[in-house]
Amino acid sequence: MLTKKQYELLVLIDQRIRENGVPPSFDEMKDALGLRSKSGIHRLITGLEERGFIRRLPHRARALEVLRLPENIQPRERPGGGSFAPNVIEGDFKIPAVRAAATAEAVELPLYGRIAAGTPIEAMRDNSETMNVPASLLASGEHYALEVDGDSMLEAGIYDGDTAIIRRTDSAENGSIVVALVDDNEVTLKRLRRKRNSIALEPANKAFETRIFGPDRVKVQGQLVGLIRKY
């Protein structure tokens with residue numbers, strides 16, 4: 001999953017290569033994205049490279065190759081311009097995809113408030129609000145929305161204040177991001193890892209520790225299918 005700045009930079013690099021045959025310089029990237037220093041560009045390029053979107057060609061200055069683009073990307077968008085404001089992040093978080101919310105059929109989902117320890121999902125139902133979500137974000141089955149509380153999934157591109165779109169399920173593939181109920185009283189949004197008779201709930205932030213439980217202590221209450229972010 002790409003952050004907004006990673007997305008903008010990827011669009012810029014792809015656009016310049018298409019137009020000029022060479023990627024922009026680091027100074028041009030910095031200016032286009034409105035960053036103060038080139039160190040931020042280095043971090044963004046490293047992130048794109050690690051996710052398999054670009055690669056650096058050895059022994060050549062300014063040599064970057066775009067390997068792939070996210071689904072639904074518009075190659076002629078101008079990054080850094082006033083018209084670029086995606087607020088819907090879509091996908092199953094295996095294939096990154098970012099797109100602007102388009103005029104589409106909206107579906108009303110229950111909004112259960114901020115996901116926090118000590119509040120099982122079932123206990124949130126009575127006091128839930130509702131929100132409209134583009135139908136294109138939803139898969140089959142029942143869905144609900146949660147406000148993300150905290151930055152434990154920051155490196156997966158999930159930020160405090162985001163609204164997580166969750167498909168209700170009691171099972172999920174290994175490595176998927178889930179809403180997990182621990183010991184019947186603590187709910188958390190983490191990546192699920194199964195190994196033998198243990199279940200690990202893995203954060204996406206080095207400041208947080210992975211927690212490991214026995215299989216009878218963790219219940220899956222939903223799987224993340226999308227994010228809505230306000231800028």
[X] side-chain N/O to [Y] backbone N/O, donor-acceptor pair under 3.5 Å:
X: Arg16; Y: Leu12; answer: no
X: Asn205; Y: Ser152; answer: no
X: Thr169; Y: Ser171; answer: yes

task: May I ask you to decide whether Arg167 forms a salt bridge with Glu142, counting only side-chain N to carboxylate O separations under 4.0 Å?
output: no
Does the pair Arg217/Asp184 count as a salt bridge with the N-to-O cut at 4.0 Å?
-> no
[X] vs [Y] side-chain heavy atoms within contact, under 4.5 Å:
X: Pro110; Y: Glu129; answer: no
X: Phe26; Y: Ile45; answer: yes
X: Ile158; Y: Ile177; answer: yes
X: Asn132; Y: Val107; answer: no
X: Lys190; Y: Met153; answer: yes
X: Gln221; Y: Tyr144; answer: yes
X: Glu147; Y: Asp162; answer: no
X: Asp151; Y: Val148; answer: no

Step-by-step side-chain contact (heavy atoms from CB on, under 4.5 Å) determination, Met29 to Ile13: CA-CA 8 Å; Met29 295 180 197; Ile13 293 171; 4.2 Å; yes
The side chain to side chain contact (heavy atoms under 4.5 Å, CB included) partner of Leu111 among Val133, Thr130, Thr163 is Thr163
The side chain to side chain contact (heavy atoms under 4.5 Å, CB included) partner of Pro23 among Asp14, Ile17, Ile54 is Ile17
If every non-hydrogen atom of [X] is compared with every non-hydrogen atom of [Y], which pair is closest and at what distance?
X: Arg229; Y: Gly157; answer: NH2-O, 2.6 Å
X: Glu155; Y: Arg51; answer: O-NH2, 3.4 Å
X: Leu69; Y: Arg18; answer: CD1-NH2, 4.2 Å
X: Tyr112; Y: Arg168; answer: OH-NH2, 3.4 Å
X: Arg191; Y: Ala156; answer: NH2-CB, 4.2 Å

Residues Thr3 and Lys5: side-chain donor-acceptor under 3.5 angstrom: no
Students should find that the hydrophobic cluster of Val220, defined by side-chain heavy atoms under 4.5 Å apart, otherwise consists of Val178, Val182, Leu192, Ile199, Leu201, Phe213, Val218
Tracing side-chain contacts under 4.5 Å among Ile, Leu, Val, Met, Phe, Trp and Tyr outward from Leu154 reaches Tyr159
Test of understanding: clusters of I, L, V, M, F, W, Y form through side-chain heavy atoms closer than 4.5 Å, transitively. Do Leu67 and Val11 belong to the same one?
no
Point to revise | Asn197 atom CG, neighbour heavy-atom count above 12 within 6.0 Å | key: no
So the salt bridge (Lys or Arg N to Asp or Glu O under 4.0 Å) pairs with at least one residue in residues 206-215 (sequence neighbours excluded) are Glu186-Arg211
Thr46 vs Arg56, side-chain hydrogen bond (donor to acceptor under 3.5 Å, both in side chains): CA-CA, chis, key distance, verdict:
CA-CA 9 Å; Thr46 298; Arg56 291 182 244 210; 3.2 Å; yes
- Could you walk me through whether Ile165 and Ile228 pass the side-chain contact (heavy atoms from CB on, under 4.5 Å) check? CA-CA 8 Å; Ile165 308 303; Ile228 295 178; 4.1 Å; yes
One should read off an interatomic distance between Ile212 CD1 and Lys195 NZ, to the nearest 0.5 angstrom, of 9.0 Å
*Give the intermediate values and the outcome of side-chain contact (heavy atoms from CB on, under 4.5 Å) for residues His143 and Val225.*
CA-CA 9 Å; His143 295 73; Val225 297; 4.0 Å; yes
Applying side-chain hydrogen bond (donor to acceptor under 3.5 Å, both in side chains) to Arg55 and not counting sequence neighbours gives Glu65
Hits for side-chain hydrogen bond (donor to acceptor under 3.5 Å, both in side chains) against Ser198, two or more places apart or cross-chain, chain-then-number order -> none
Indicate every side-chain donor-acceptor pair of residues 32-44 with a distance under 3.5 Å to a residue at least two apart or in another chain.
{"unit_1": "Ser37", "atom_1": "OG", "unit_2": "Ser39", "atom_2": "OG", "d": "2.8"}

